[in-house]
Participant: 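Quick one: structure below, then a few questions.
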Amino acid sequence: MALRFYNTLSNELETFVPADETTVRMYSCGPTVYDFAHIGNFRSFLFADIVRRTLEFFGHNVHHVMNITDVGHMTEDANADGAGEDKMQAAARRVKEDKKSGKVPEGAVTNPDDPYQIAQYYTDCFLEDARTLGIKVAFEYPENILHATQNIDAMQEMISQLLDRGHAYVGPDGVVYYSVESFSQYGRLSGNTLDRLMSGAGGRVSEANQANKRHPADFMLWKPDSTHIMKWDSPWGTGYPGWHIECSCMARKRLAADVIDIHTGGEDLIFPHHECEIAQTCGATGKDTFARFWMHARFLLVEGEKMSKSKGSFYTVRDVLEGRIKTESGQTAGVRVHPAVLRLELIKSHYRGNMNFTHKGLMDSAGAVKRLTDFRNRLEQACAGAAADVDFDYPILGKFADCLADDLNIAGALGAILPWASTTPDDPAAALGALNRMNEVLGVVPLTPSSDADAESGSENSHIEALCRQLDEARAKKDYATADTIRGQIQDQGYDVKTSPSGTIAERRLA
RNA sequence: GGGGCGGUAGCCAAGUGGCUAAGGCAACGGAUUGCAAAUCCGUCACGCGCGGGUUCGACUCCCGCUCGCCCCUCCA
């Protein structure tokens with residue numbers, strides 16, 4: 001089946017075929033680790049995970065690599081005199097505050113002034129969140145998730161190559177800059193060609209900095225600065241690398257190729273980050289292509305608006321999972337959310353449209369996860385867990401495959417699955433096989449019915465169980481007032497109550 | 001000013017140049033229930049941001065406009 005992806009490079013849907021048929025080489029821009037990643041970041045990471053799982057679904061072997069940006073870049077990188085506060089220093093302040101309030105686990109960061117400890121702390125948090133949400137590459141740390149700070153040598157090597165090949169120069173300020181005029185393709189990805197760039201339109205370019213560059217769009221590769229909180233020796237003085245070089249370097253190094261198949265990231269990275277990556281990699285390799293496909297996820301809105309710290313909508317994964325989000329009425333939701341629910345909420349709409357994260361949407365997703373889980377449980381019972389192998393001739397699976405192959409149409413795929421999940425298939429073993437294959441991409445059907453219960457404390461389980469029995473007793477005695485009170489108690493603790501002839505069952509709500 | 005993406009019912013969200021515009025949620029009616037929940041059955045867009053054009057026919061193609069979002073050197 002032909003896979004079609006929208007390529008930012010051409011602004012068109014293109015049929016995807018890997019350059020090397022044995023392996024798809026894929027690189028995703030990962031998090032900066034000066035703070036917790038928020039759900040907007042995770043939308044982008046989950047998008048990359050869907051790309052990877054889709055490729056695997058269609059039988060490709062995928063080598064997926066992600067970076068961890070742990071070099072403390074200036075808060076204002078454009079500020080060439082280094083006046084901005086280092087992000088790692090800002091993070092140190094934050095961690096010190098969090099340590100006081102007990103948010104940082106005992107022993108996690110023994111010295112908040114050590115930037116490597118800060119970076120590792122947030123890296124660990126990121127990995128934990130990513131694994132919770134089922135992002136595959138997170139289980140491949142550290143082989144396929146690389147730290148920038150552990151690849152400084154490779155960056156210096158690439159900078160040397162760029163200097164040798166005439167794509168870089170040392171400015172009067174001692175900073176090594178990339179010369180955008182040396183690379184004729186500059187602007188091809190973003191449309192921001194040199195003639196179109198409106199210098200400083202974003203208001204983030206300082207005049208003083210520009211004086212040292214040959215062209216206003218030239219960007220930093222290495223900055224000598226012995227006062228920087230993270231610094232390394234280099235032929236250009238002790239200092240630190242520019243932001244863009246790490247991805248060019250690590251993609252080439254870890255994927256062992258000058259040209260890779262797919263590069264993903266958030267839409268804001270198209271310019272300058274990915275434009276600069278292309279300039280660097282192509283400048284160093286001499287090839288005219290870095291990534292054959294560039295794929296970008298649109299931004300996430302929260303309740304219809306941009307996420308904002310002042311509105312309290314900069315949710316982290318833990319904020320959502322632990323119920324610290326606001327409902328439509330502005331109340332704190334308070335109910336724990338199953339990770340599969342958040343995963344589905346963040347993947348269910350098309351990656352090239354803005355996604356609106358809402359409390360209502362989360363409730364919707366919870367219903368869908370529950371429905372799929374119940375469906376799976378029914379199928380497993382019906383066929384004693386013996387799933388049969390099915391191929392794309394199986395109607396739902398074929399439809400699912402068609403949707404995915406059409407530029408990752410997850411919403412369309414869900415439109416096929418959800419009504420199917422209300423049916424009772426004639427061949428439960430085949431249906432289970434199909435569902436399992438689809439879930440390899442979606443990753444939203446919790447593994448076993450008991451896995452959620454296992455996550456609860458034993459005492460809570462037995463407490464709820466006891467209330468269920470009391471409810472049954474009251475009902476048997478036709479003491480409905482008591483029964484209703486007990487039911488209310490169980491529900492208040494985040495459970496759905498189901499009464500049946502064989503007794504009351506409480507199920508923890510997924511959100 | 002420039003580059004790019006999007007605007008389908010209360011909400012989320014597919015889709016096609018031409019049968020009655022998927023699906024989910026919510027809502028409503030019914031079955032069931034002590035009452036609910038869950039489940040099941042049924043109802044729910046004469047219209048697809050606005051205005052033109054092309055066409056026998058457009059929500060789907062083209063032009064203009066409008067709104068939202070991203071970028072034009074912090075950003076997923």
Side-chain angles (χ1 to χ4, degrees), chain A residues 6 8 11 28-32 34 37-48 69 73-79 84 87 180 187 189-193 195-206 209-210 216-220 242-244 264-273 275-276 296-301 304-307 328 345 348-350 352-356 358 360-361 363-368 370-371 374 399 403 406 409-422 475 478-481 483-484 487-488 491 495-500 504-505 507:
Chain A
Y6 185 89
T8 307
N11 289 134
S28 299
C29 282
T32 52
Y34 327 118
H38 52 68
I39 55 174
N41 299 124
F42 273 98
R43 190 222 179 167
S44 168
F45 304 145
L46 280 164
F47 151 67
T69 299
H73 293 286
M74 286 295 135
T75 301
E76 296 169 64
D77 262 352
N79 213 332
K87 283 180 173 170
V180 293
L189 178 72
S190 64
N192 287 331
T193 49
D195 55 312
R196 282 171 177 160
L197 272 173
M198 196 182 193
S199 182
R204 293 168 192 155
V205 183
S206 76
N209 189 18
Q210 295 301 53
D218 289 353
F219 56 93
M220 178 189 119
W243 170 42
H244 312 301
T264 72
E267 62 175 322
D268 58 323
L269 295 184
I270 295 170
F271 190 91
H273 188 52
E275 197 71 75
C276 294
H296 296 95
R298 299 282 153 239
F299 264 38
L300 180 79
L301 304 177
E305 298 181 321
K306 288 194 238 188
M307 288 192 292
E328 298 81 338
E345 177 64 13
K348 74 182 179 187
S349 70
H350 194 88
R352 282 195 295 119
N354 281 120
M355 171 181 283
N356 188 14
T358 61
K360 190 173 187 301
M363 296 302 105
D364 256 33
S365 295
K370 178 154 179 8
R371 192 149 151 198
D374 288 348
K399 172 79 174 154
C403 288
D406 180 18
N409 185 357
I410 297 287
L414 289 171
I417 297 178
L418 287 172
W420 174 63
S422 302
R475 292 188 73 234
K478 297 198 191 298
D479 181 0
Y480 295 123
D484 289 347
R487 181 166 63 203
Q491 286 171 335
Y495 287 78
D496 284 330
V497 178
K498 292 185 184 180
T499 49
S500 75
T504 297
I505 298 167
E507 283 185 357

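Letters A, B, ... mirror the listed sequences (proteins, then strands); counts begin at 1.
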Participant: Have a look at A:Met355 and say if it touches a base, only the backbone sugar-phosphate, or nothing, with a 4.0 Å heavy-atom cut-off.
Facilitator: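 Since no nucleic acid heavy atom lies under 4.0 Å of A:Met355, the category is nothing.
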Participant: Rounding to an integer number of angstrom, what distance separates B:G47 and B:U32 when you compare their P atoms?
Facilitator: 38 Å
Participant: Quick one: do A:Arg487 and A:Asp484 make a salt bridge, cutoff under 4.0 Å?
Facilitator: yes
Participant: Applying a 3.5 Å limit to both distances, which nucleotide forms a Watson-Crick or G-U wobble pair with B:A31?
Facilitator: B:U39
Participant: Heavy atoms, side chains only, cut-off 4.5 Å: are A:Phe45 and A:Pro31 in contact?
Facilitator: yes
Participant: When you check every protein heavy atom under 4.0 Å of nucleotides 2-7 of chain B, what one-letter string (B, S, -) results, 5' to 3'?
Facilitator: BSSSS-
Participant: Please determine, for B:U16, whether a Watson-Crick or G-U wobble partner exists with both distances under 3.5 Å, and give it or none.
Facilitator: none
Participant: Between CG of A:Leu189 and NE2 of A:His273, what distance do you get to the nearest 0.5 Å?
Facilitator: 11.5 Å
Participant: Looking only at heavy atoms, which two atoms of A:Val497 and A:Gln491 are closest? And how far apart?
Facilitator: CG2-CG, 3.8 Å
Participant: Identify whether any heavy atom of A:Lys348 sits under 4.0 Å from a base atom; if not, whether one sits that close to sugar-phosphate; answer base, sugar-phosphate or nothing.
Facilitator: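 Sugar-phosphate only.
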Participant: Looking at the side chain of A:Arg487, which of B:A76, B:G15, B:G34 is the nearest nucleotide?
Facilitator: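 Of the candidates, B:G34 comes closest.
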Participant: What nucleic acid atoms does A:Thr32 come within less than 4.0 Å of, heavy atoms only: base, sugar-phosphate, or nothing?
Facilitator: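 Counting heavy atoms under 4.0 Å across all strands, the contact made by A:Thr32 is with sugar-phosphate only.
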Participant: For A:Glu267 and A:Phe299, indicate whether the former's side chain and the latter's backbone hold a donor-acceptor pair under 3.5 Å.
Facilitator: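 Judged by distance alone, yes, a pair lies under 3.5 Å.
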Participant: On a whole-Å scale, what distance lies between the P atoms belonging to B:C59 and B:U8?
Facilitator: 16 Å
Participant: My understanding is that a pair needs two contacts under 3.5 Å, Watson-Crick or G-U wobble. By that rule, which nucleotide pairs with B:G6?
Facilitator: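 Partner of B:G6: B:C67.
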Participant: When you measure from the side chain of A:Lys306, which nucleotide among B:A37, B:C70, B:G15 comes out closest?
Facilitator: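 Among the listed nucleotides, the one closest to the side chain of A:Lys306 is B:C70.
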Participant: With a centroid cutoff of 5.5 Å and a plane-angle limit of 30°, would you call A:Phe45 stacked on B:A76?
Facilitator: no
Participant: Which whole number of Å gives the distance between the P atom of B:A9 and that of B:G4?
Facilitator: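 Between the two P atoms, the distance is 27 Å.
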Participant: In Å, rounded to the nearest 0.5 Å, how long is the span from OH of A:Tyr6 to NE2 of A:His296?
Facilitator: 11.0 Å
Participant: If the C1' atom of B:U66 is compared with that of B:C50, how far apart are they to the nearest Å?
Facilitator: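 So the two C1' atoms sit 7 Å from each other.
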Participant: Provide the distance between the two P atoms, one in B:G6 and one in B:A14, to the nearest whole Å.
Facilitator: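 It works out to 11 Å between them.
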Participant: To the nearest angstrom, how far is A:Ile417 atom CD1 from B:A13 atom P?
Facilitator: 17 Å
Participant: Among the nucleotides B:G15, B:C35, B:A76, which one has an atom lying closest to any side-chain atom of A:Leu300?
Facilitator: B:A76
Participant: For A:His296, answer base if it contacts any base atom (sugar-phosphate contacts may also be present), sugar-phosphate if it contacts only those atoms, and nothing otherwise; contact means non-hydrogen atoms under 4.0 Å.
Facilitator: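 Nothing, no heavy atom under 4.0 Å.
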Participant: Any heavy-atom pair between the side chains of A:Ser349 and A:Arg43 that's under 4.5 Å?
Facilitator: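 Yes, their side chains come closer than 4.5 Å.
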Participant: A:Asp374 CG to B:A37 C1': how many Å, rounded?
Facilitator: 13 Å
Participant: Could you walk me through whether A:Asp364 and A:Lys348 pass the side chain to side chain contact (heavy atoms under 4.5 Å, CB included) check?
Facilitator: CA-CA 11 Å; A:Asp364 256 33; A:Lys348 74 182 179 187; 3.8 Å; yes
Participant: With a 4.0 Å cut-off on heavy atoms, is A:Asp195 in touch with a base, just the backbone sugar-phosphate, or nothing at all?
Facilitator: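 Nothing: the residue A:Asp195, judged by heavy atoms under 4.0 Å, touches no strand.
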Participant: Using the P atom as the reference point in each nucleotide, state the distance between B:C5 and B:G23 in Å, no decimals.
Facilitator: 30 Å
Participant: Could you state the interatomic distance from CG (A:Leu301) to CE (A:Met307), rounded to the nearest 0.5 Å?
Facilitator: 8.5 Å
Participant: Do A:Thr32 and A:Lys87 meet the criterion of a side-chain donor-acceptor pair at a distance under 3.5 Å?
Facilitator: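 Side-chain D/A pair, A:Thr32 to A:Lys87: absent.
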Participant: With a 3.5 Å limit on both atom pairs, tell me what B:C59 is paired to, counting Watson-Crick and G-U wobble, or say none.
Facilitator: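 The base-pairing partner of B:C59, which may sit in any strand shown, does not exist here.
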Participant: Within the 3.5 Å criterion, strictly below it, is a donor on A:Asp195 or A:Thr193 matched to an acceptor on the partner's side chain?
Facilitator: yes
Participant: So, OP1 or OP2 of B:G15: does either fall under 4.0 Å of a side-chain N or O from A:Asn409?
Facilitator: yes
Participant: Could you state the interatomic distance from NZ (A:Lys399) to CG (A:Asn409), rounded to the nearest 0.5 Å?
Facilitator: 8.0 Å
Participant: A:Glu275 has an atom CD; how far is it from atom C1' of B:C70, in whole Å?
Facilitator: 15 Å
Participant: Want to settle it: does A:Asn356 or A:Tyr480 sit nearer the 5' end of RNA chain B, counting the closest nucleotide to each?
Facilitator: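 Nearest nucleotide further toward 5': that of A:Asn356.
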Participant: If pairing requires Watson-Crick or G-U wobble contacts with both distances under 3.5 Å, which nucleotide is the partner of B:C46?
Facilitator: none
Participant: Could you work out the separation of B:G7 and B:C12 based on their C1' atoms and round it to a whole Å?
Facilitator: 14 Å
Participant: Suppose you measure atom P in B:G53 against the same atom in B:C28; what distance do you get, rounded to whole Å?
Facilitator: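 Their P atoms lie roughly 44 Å apart.
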Participant: Rounded to whole angstrom units, what separation is found between the CZ atom of A:Phe271 and the C1' atom of B:A76?
Facilitator: 18 Å
Participant: Starting from C1' on B:A38, measure out to CD on A:Gln491 and report it in whole angstrom.
Facilitator: 11 Å
Participant: Touch check for A:Phe299, heavy atoms < 4.0 angstrom, all strands: base, sugar-phosphate only, or nothing?
Facilitator: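 Contact class for A:Phe299: base.
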Participant: In whole Å, what is the span from the CZ atom of A:Arg43 to the P atom of B:C70?
Facilitator: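 Taking CZ of A:Arg43 and P of B:C70, I get 13 Å after rounding.
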Participant: Summarise protein proximity over nucleotides 20-26 of chain B in one line of letters, 5' to 3': B for base, S for sugar-phosphate only, - for none, counting protein heavy atoms closer than 4.0 Å.
Facilitator: --BSBB-
